[in-house]
Amino acid sequence: MMRFIPTRFHGILDYLYGVLLIASPWLFDFAAGGAETWVPVVIGAIVLMQTILTDFEMGLVKKIPMQTHLMLDFGIGVILALSPWLFGFADRVYTPHLIFGVFSILASLTTHRTPSRAYKTNAVHEDPLR
């Protein structure tokens, strides 16, 4: 699969995606209080935490390599997409979980594996005391 999404754009999407996942049970009216509600909320929180911790343009702590981030995105997508069947709520709701999961899988497969050269150059020469 061709990788065409810049890491900076992926990071912006991650923050929006994480917040949207957390809000989705209430936005899309499937907040019944069980796994259908809490799987996207927990995964949304994980996405936000992972983005904050990734070493790329949008990361704040910069501990997780971009390739690891993308592998985690893929795994998160698979779990989210399969969650209605894994946790037994597919008879009530499955579309949002499936769509969000497939989105994460596709984003993981189409995002550049390394941040831009400009980011890496600036990150190395950054003065932490400024």
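Sequential numbering from 1 along the given sequence is applied to the chain's residues. Note that the structure is a prediction, hence the values are computed from the model and not measured.
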Side chain to side chain contact (heavy atoms under 4.5 Å, CB included) with Asp55: of Lys63, His69, Lys62, only one passes, and it is Lys62
**Request:** Side-chain contact test, heavy atoms from C-beta onward, threshold under 4.5 Å: evaluate it for Pro40 versus Pro25 and give yes or no.
**Result:** yes
Tightest non-hydrogen contact, residues Thr37 and Gly33, listed as OG1-N, 2.9 Å
In short, Glu57 meets Arg8 closest at the heavy-atom pair OE1-N, 3.4 Å
- Query: Should the pair His97 and Phe30 be assigned to parallel (<30°), tilted (30 to 60°) or perpendicular (>60°) ring geometry?
  - Reply: tilted
- request: Could you tell me whether the side chain of Tyr15 and the main chain of Met58 form a donor-acceptor pair under 3.5 Å?
  value: yes
Rounded to the nearest 0.5 angstrom, the CG-OG distance for Leu70 and Ser104 is 9.5 Å
Heavy atoms of Ile76 and Ile46 approach each other most closely as CD1-CG2, 3.9 Å
Smallest heavy-atom separation, Asp73 atom then Ser108 atom, equals CB-CB, 3.7 Å
CG (Leu72) and OG1 (Thr54) are apart, to the nearest 0.5 Å, by 8.0 Å
Hey, are the side chains of Thr7 and Thr111 touching, using non-hydrogen atoms and a 4.5 Å cut-off?
yes
Rounding to 0.5 Å, atoms CG (Asp14) and CD1 (Ile52) come to a distance of 10.5 Å
Residues 21-37 vs salt bridge (Lys or Arg N to Asp or Glu O under 4.0 Å), sequence neighbours excluded, gives Glu36-Arg92
Exercise for review: For the pair His10 and Phe56, name the ring-plane relationship: parallel under 30°, tilted 30 to 60°, perpendicular over 60°.
Suggested key: perpendicular
Closest heavy-atom pair, Ala81 versus Val102, reported as atoms and distance to 0.1 Å, is CB-N, 4.3 Å
When rounded to the nearest 0.5 Å, the distance separating CH2 of Trp38 from CD1 of Ile22 is 10.0 Å
Is it true that, when you exclude Trp26 itself, more than 12 heavy atoms of the residues, nucleotides or ligands shown sit nearer than 6.0 Å to its CH2?
yes
Minimal heavy-atom distance between Gly101 and Tyr17, with the atoms involved, is N-OH, 4.4 Å
Side-chain heavy-atom pair Leu80, Leu21 within 4.5 angstrom cut-off | yes
Interatomic distance, OG1@Thr110 vs CG@Leu106, rounded to 0.5 Å, equals 6.5 Å
Taken to the nearest 0.5 Å, the spacing of Phe100 CZ from Ile43 CD1 works out to 11.0 Å
